[in-house]
Number of protein chains: 2
Amino acid sequence: MSSSSNEYVVKVKAGSEIMAQIMADQSGKSSESNVATSKKIRKKRSKKQQGASVSNKGTTSSGKRVGIREIARQAGVSVATVSMVLNNNPKITEATRQKVNKVIDRVGYRPNRLAQSLSGRYTRVISILMPTLRHAMADPYFGELISGICDRAARLGHKVMLEHAKPDFIRERRHIELFERRFVDGVLCIGFNDRHAFMKDFIENDHPMVVVNNMFPQWGLDHVVCDYRSGAEQVMTYLQQLGHKKIGLVHGAPEVFTAREIIEVYKRRMTTVTGGFDTSWMADGRFTEEHGAEATKKLLEAHPDMTAIFASNDKMAMGAIHYANRHGRSVPSDLSIVGFDDIQYTAFVNPTLTTVHLPLYELGVLACERLVERIRGKSERVREVLPTHLVLRESTSLAASYAPGVG
Amino acid sequence: MSSSSNEYVVKVKAGSEIMAQIMADQSGKSSESNVATSKKIRKKRSKKQQGASVSNKGTTSSGKRVGIREIARQAGVSVATVSMVLNNNPKITEATRQKVNKVIDRVGYRPNRLAQSLSGRYTRVISILMPTLRHAMADPYFGELISGICDRAARLGHKVMLEHAKPDFIRERRHIELFERRFVDGVLCIGFNDRHAFMKDFIENDHPMVVVNNMFPQWGLDHVVCDYRSGAEQVMTYLQQLGHKKIGLVHGAPEVFTAREIIEVYKRRMTTVTGGFDTSWMADGRFTEEHGAEATKKLLEAHPDMTAIFASNDKMAMGAIHYANRHGRSVPSDLSIVGFDDIQYTAFVNPTLTTVHLPLYELGVLACERLVERIRGKSERVREVLPTHLVLRESTSLAASYAPGVG
DNA sequence: CTGAAAGCGCTTACAG
DNA sequence: CTGAAAGCGCTTACAG
């Protein structure tokens with residue numbers, strides 16, 4: 001075991017170098033179309049194929065993949081007929097269909113989808129476009145949406161591609177290129193805000209696109225979204241029922257429509273209750289744990305008598321609890337905290353988080369469905385709202401007026 | 001505002017119905033190739049195009065997309081020349097190149113990549129294959145890997161597709177179809193275990209594939225992986241330095257190689273320290289919070305004198321803390337808990353989690369890089385290990401012998 | 001260094 | 001209901 005562990009050390013060393021290299025290698029030389037390399041590979045491949053003249057499934061004895069023409073020959077019909085069988089064209093007799101299908105199964109033929117898409121009209125691929133928040137994919141919020149999208153897309157016979165909209169991606173119009181170069185039939189946009197005007201380009205060029213869990217009324221974009229307004233109302237009602245009057249808001253970036261919806265509800269409800277409104281009870285937490293903690297600090301310092309904080313997403317709520325815990329405010333006894341999103345792990349943190357459940361998976365499913373309808377030619381506007389509900393857990397309790405130094 | 005809120009209620013109603021429908025609609029009728037639908041759309045489209053005879057960028061005055069032949073005509077060269085310019089073929093004069101590029105820019109021409117791939121050899125697409133854990137994408141572990149993959153793939157000029165390997169996906173050999181139908185050039189496998197023998201099919205058919213953060217020596221698959229062994233050693237060393245002797249292990253599924261590595265290290269270290277080993281100190285937490293909590297219950301009931309628990313991933317560690325907190329064991333004073341993975345949010349939970357940092361993003365980058373090399377013809381085995389390190393946070397402390405009822 | 005022609009593997013009018 | 005032929009938009013030997 002000691003010798004293998006030695007080997008281990010060596011490997012790890014190598015690993016370290018690789019790590020350094022990975023992070024250093026930021027020189028983005030476009031490695032596309034290196035002609036020289038291509039040629040080398042080509043030679044290698046063809047040699048390999050000659051060697052393996054075993055007639056695998058889907059290949060002729062010469063090692064070449066079998067095409068529609070070979071199927072036609074073996075079935076004793078024309079290629080057009082085979083194509084029609086492949087596409088379930090009703091003009092084909094049941095007898096012919098079976099005859100052809102038998103050959104297809106026997107040979108293990110698979111149509112080349114590049115040829116299909118080139119001749120036909122569809123790529124049967126959709127793309128998920130999202131901003132380049134570092135490690136965006138690792139955010140369960142995005143993950144949940146994407147899970148729904150992928151599952152439904154597979155069921156609808158579509159493939160899903162992932163795309164990060166970096167600044168230069170947009171500048172070079174690569175988002176439009178996705179369509180122009182025939183990569184995709186449609187796009188789903190997640191995580192953008194009012195400053196991302198490029199989204200208008202899709203409709204202007206008549207490319208199917210649906211916004212997921214946000215809305216852009218000013219641009220008339222199709223969207224599916226969760227009911228943020230109702231969720232916020234439920235939070236405010238609940239906090240007020242618990243006797244909270246001094247409620248702070250840690251909100252998300254106001255250039256996001258849904259973030260503004262929460263702000264609006266909060267303002268209105270605070271005005272009703274306290275009979276007046278003051279922006280010093282609000283702070284921008286920019287959707288992250290770090291900034292959520294900072295915003296909480298700001299609020300708590302300005303208003304030590306605050307008894308509850310409403311955070312517009314779970315990550316900021318986690319940041320708020322983190323900060324509160326470390327500054328003499330125990331949650332929920334001294335300070336109630338409510339989140340928004342119902343990210344899975346919030347049921348396992350300490351204290352577990354009271355939050356608004358967003359049906360993100362289902363929203364992903366719906367978005368995918370509507371997009372595919374669009375691709376298939378349906379032209380009605382898409383404007384759908386999915387219901388939300390409050391989930392009561394441990395981070396909230398009855399309001400007790402806070403006495404500094406006692407809590 | 002009250003009228004708009006009325007409208008809102010209506011929308012939400014509709015939403016509820018949709019939700020029900022989404023979840024009910026499990027009848028997977030293959031909606032592919034509905035010929036009738038296709039025709040309708042076709043008509044619609046062509047009409048639209050005639051209407052819009054404004055000469056947009058990239059289209060001729062007749063509304064048709066411009067192709068390589070049109071570029072050749074305008075530049076006064078042959079299509080072959082244009083193609084070579086597009087592919088940076090060194091045979092082309094600088095003068096010709098510029099002349100052609102000028103036309104390309106002016107017209108806004110974008111090569112159709114379906115045609116390119118059909119004629120050429122590459123799709124320039126790779127696929128990420130993962131199991132169908134429900135909401136797998138929402139797991140930050142996968143997310144982090146995928147982030148790395150996507151970022152590097154984009155830089156290498158490749159698109160990324162997402163694929164869930166459901167049982168019937170494999171049964172229908174759709175994983176091989178990915179290559180045979182020319183969807184992708186290569187595949188990255190994440191989250192599989194020894195029972196997923198289908199992974200052998202890729203090498204048998206000579207299709208580029210790299211396993212990400214796991215290994216399958218029995219099948220000789222290429223892989224890139226984090227150094228689980230070293231991570232586990234560090235955890236055991238640290239816990240023993242803190243004076244812990246009664247250490248439990250909540251491990252992951254043993255059909256996963258890396259999970260077995262942790263188990264092995266644990267066993268060996270426990271044997272060294274306690275001078276003997278007993279499986280009652282180990283429990284399977286199956287990588288989830290729920291089962292992690294259950295496993296913790298089992299361990300703690302069997303060994304109330306346990307002072308530390310080593311969990312093989314952060315989610316199980318979260319479950320362990322969750323359970324301990326609710327059963328009179330305060331973390332870390334009564335019970336130290338160590339995780340594995342260093343998922344981002346573990347720095348914000350309460351207590352923050354001591355854990356092993358896995359360079360998952362970097363591993364994703366590396367995996368992508370190695371796969372693309374493979375695709376380009378490099379044939380060396382890929383067998384890389386990236387270093388890991390322990391991150392000390394709040395969930396661990398000096399061992400204090402546990403006195404029931406006192407803690 | 002460049003051009004005319006064949007070919008990638010399908011689909012789709014258009015005749016029969 | 002089926003077949004021969006053109007076409008989708010590129011790339012790549014092969015001649016010049």
Side-chain angles (χ1 to χ4, degrees), chain A residues 32-33 35 38-39 41-43 46 58-60 64-73 75-100 104 107 109-124 180-183, chain B residues 32-33 35 38-39 41-43 46 58-60 64-73 75-100 104 107 109-124 180-183:
Chain A
E32 224 174 318
S33 59
V35 174
S38 299
K39 277 211 184 131
I41 294 162
R42 183 145 318 184
K43 244 181 243 167
S46 47
T59 57
T60 64
K64 216 182 130 205
R65 287 216 59 72
V66 2
I68 199 172
R69 130 180 275 132
E70 174 65 16
I71 300 299
R73 197 185 60 73
V77 298
S78 76
V79 293
T81 305
V82 177
S83 172
M84 285 166 143
V85 169
L86 248 28
N87 292 290
N88 282 319
N89 190 313
K91 287 188 204 158
I92 299 293
T93 335
E94 187 52 33
T96 320
R97 180 187 313 285
Q98 287 189 8
K99 182 172 61 179
V100 173
I104 288 176
V107 181
Y109 164 72
R110 302 283 172 197
N112 179 323
R113 74 117 199 164
L114 292 170
Q116 288 184 312
S117 292
L118 183 60
S119 300
R121 209 150 288 262
Y122 301 115
T123 65
R124 294 259 139 83
E180 293 183 340
R181 298 194 58 197
R182 311 272 340 258
F183 276 105
Chain B
E32 222 173 318
S33 59
V35 175
S38 298
K39 277 210 183 132
I41 294 162
R42 181 143 323 182
K43 244 182 243 164
S46 47
T59 58
T60 65
K64 215 181 132 206
R65 287 216 60 73
V66 2
I68 200 172
R69 132 180 274 129
E70 173 66 16
I71 301 298
R73 197 186 58 73
V77 297
S78 75
V79 292
T81 306
V82 177
S83 173
M84 286 167 142
V85 170
L86 248 26
N87 292 289
N88 283 318
N89 190 311
K91 288 187 205 159
I92 299 293
T93 335
E94 188 51 32
T96 320
R97 181 187 313 286
Q98 287 190 5
K99 181 171 62 177
V100 173
I104 288 176
V107 181
Y109 164 71
R110 301 285 172 196
N112 179 324
R113 74 116 199 167
L114 292 170
Q116 287 183 312
S117 292
L118 183 60
S119 301
R121 209 151 288 262
Y122 300 116
T123 65
R124 294 258 138 83
E180 294 183 341
R181 299 194 56 197
R182 311 272 339 258
F183 276 105

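Below, chains carry the letters A, B, ... as their sequence lines are ordered, and counting in each starts from 1. Hydrogens, waters and symmetry mates play no part in the numbers below; they use all other heavy atoms, side chains included.
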Let me confirm one number: the [atom1]-[atom2] distance from [X] to [Y], rounded to the nearest 0.5 Å.
X: Met84(A); Y: Thr93(A); atom1: CE; atom2: OG1; answer: 11.0 Å
X: Glu180(B); Y: Asn112(A); atom1: CD; atom2: CG; answer: 11.0 Å
X: Thr123(A); Y: Leu118(A); atom1: OG1; atom2: CG; answer: 12.0 Å
X: Ser117(A); Y: Phe183(B); atom1: OG; atom2: CZ; answer: 7.0 Å

Under 4.0 angstrom, heavy atoms only, what part of the nucleic acid is Ser117(B) near: base, sugar-phosphate, or nothing?
-> nothing

Touch check for Ile92(A), heavy atoms < 4.0 angstrom, all strands: base, sugar-phosphate only, or nothing?
-> sugar-phosphate

Below the 4.0 Å mark, does [N] have OP1 or OP2 next to a side-chain nitrogen or oxygen of [X]?
X: Thr81(B); N: dG3(C); value: yes
X: Tyr109(A); N: dC10(C); value: yes
X: Ser119(B); N: dC10(D); value: no
X: Asn87(A); N: dT11(C); value: yes
X: Thr93(B); N: dT2(C); value: yes
X: Gln116(B); N: dG9(D); value: no

Between atom [atom1] in [X] and atom [atom2] in [N], what is the gap in whole Å?
X: Leu114(A); N: dG7(C); atom1: CG; atom2: C1'; answer: 15 Å
X: Arg121(B); N: dT12(D); atom1: CZ; atom2: P; answer: 8 Å
X: Asn88(A); N: dT12(C); atom1: CG; atom2: C1'; answer: 16 Å
X: Glu94(A); N: dT2(D); atom1: CD; atom2: C1'; answer: 16 Å
X: Arg182(B); N: dG9(C); atom1: CZ; atom2: P; answer: 9 Å
X: Arg69(B); N: dT2(C); atom1: CZ; atom2: P; answer: 20 Å
X: Arg113(A); N: dC10(C); atom1: CZ; atom2: C1'; answer: 13 Å
X: Arg181(A); N: dC10(D); atom1: CZ; atom2: P; answer: 9 Å

Minimum-distance pair of heavy atoms, taken over all atoms of Ser78(A) and Ala72(A) | C-CB, 3.6 Å

Here the pair of heavy atoms bringing Arg97(A) nearest to Ile92(A) is NH2-O, 3.4 Å

Below 3.5 Å between N/O atoms, which protein atoms pair up with nucleotides 14-16 of chain D? Just atom names and distances, please.
none

Looking only at side-chain atoms of Val77(A), point me to the closest of dT2(C), dG3(D), dG9(D).
-> dG3(D)

Counting side-chain heavy atoms from C-beta on, which of dG3(C), dT11(D), dG9(C) comes nearest to Ile68(B)?
-> dT11(D)

Check against side chain to side chain contact (heavy atoms under 4.5 Å, CB included), Tyr109(A) and Val100(A) | CA-CA 11 Å; Tyr109(A) 164 72; Val100(A) 173; over 6 Å; no

[X] side chain to [Y] main-chain N or O, any donor-acceptor pair under 3.5 Å?
X: Asn87(A); Y: Asn89(A); value: no
X: Arg182(B); Y: Pro111(A); value: no
X: Ser83(A); Y: Val79(A); value: no

Pull out every stem in DNA chain C, meaning runs of 3 or more consecutive Watson-Crick or G-U wobble pairs with both distances under 3.5 Å.
-> C:1-3 with D:14-16, C:5-12 with D:5-12, C:14-16 with D:1-3

Kindly give the atom pairs (protein nitrogen or oxygen, nucleotide nitrogen or oxygen) under 3.5 Å for nucleotides 4-6 of chain D.
none

Steps toward side chain to side chain contact (heavy atoms under 4.5 Å, CB included) verdict (Arg113(A), Arg124(A)) | CA-CA 9 Å; Arg113(A) 74 117 199 164; Arg124(A) 294 259 139 83; 6.0 Å; no

Would you check, one step at a time, whether the test side chain to side chain contact (heavy atoms under 4.5 Å, CB included) holds for Val77(B) with Lys99(B)?
-> CA-CA 9 Å; Val77(B) 297; Lys99(B) 181 171 62 177; 3.9 Å; yes

Side-chain contact test, heavy atoms from C-beta onward, threshold under 4.5 Å: evaluate it for Ile68(B) versus Leu86(B) and give yes or no.
-> yes

Considering only the C1' atoms, how many Å lie between dG16(C) and dT12(C), rounded to the nearest integer?
-> 16 Å

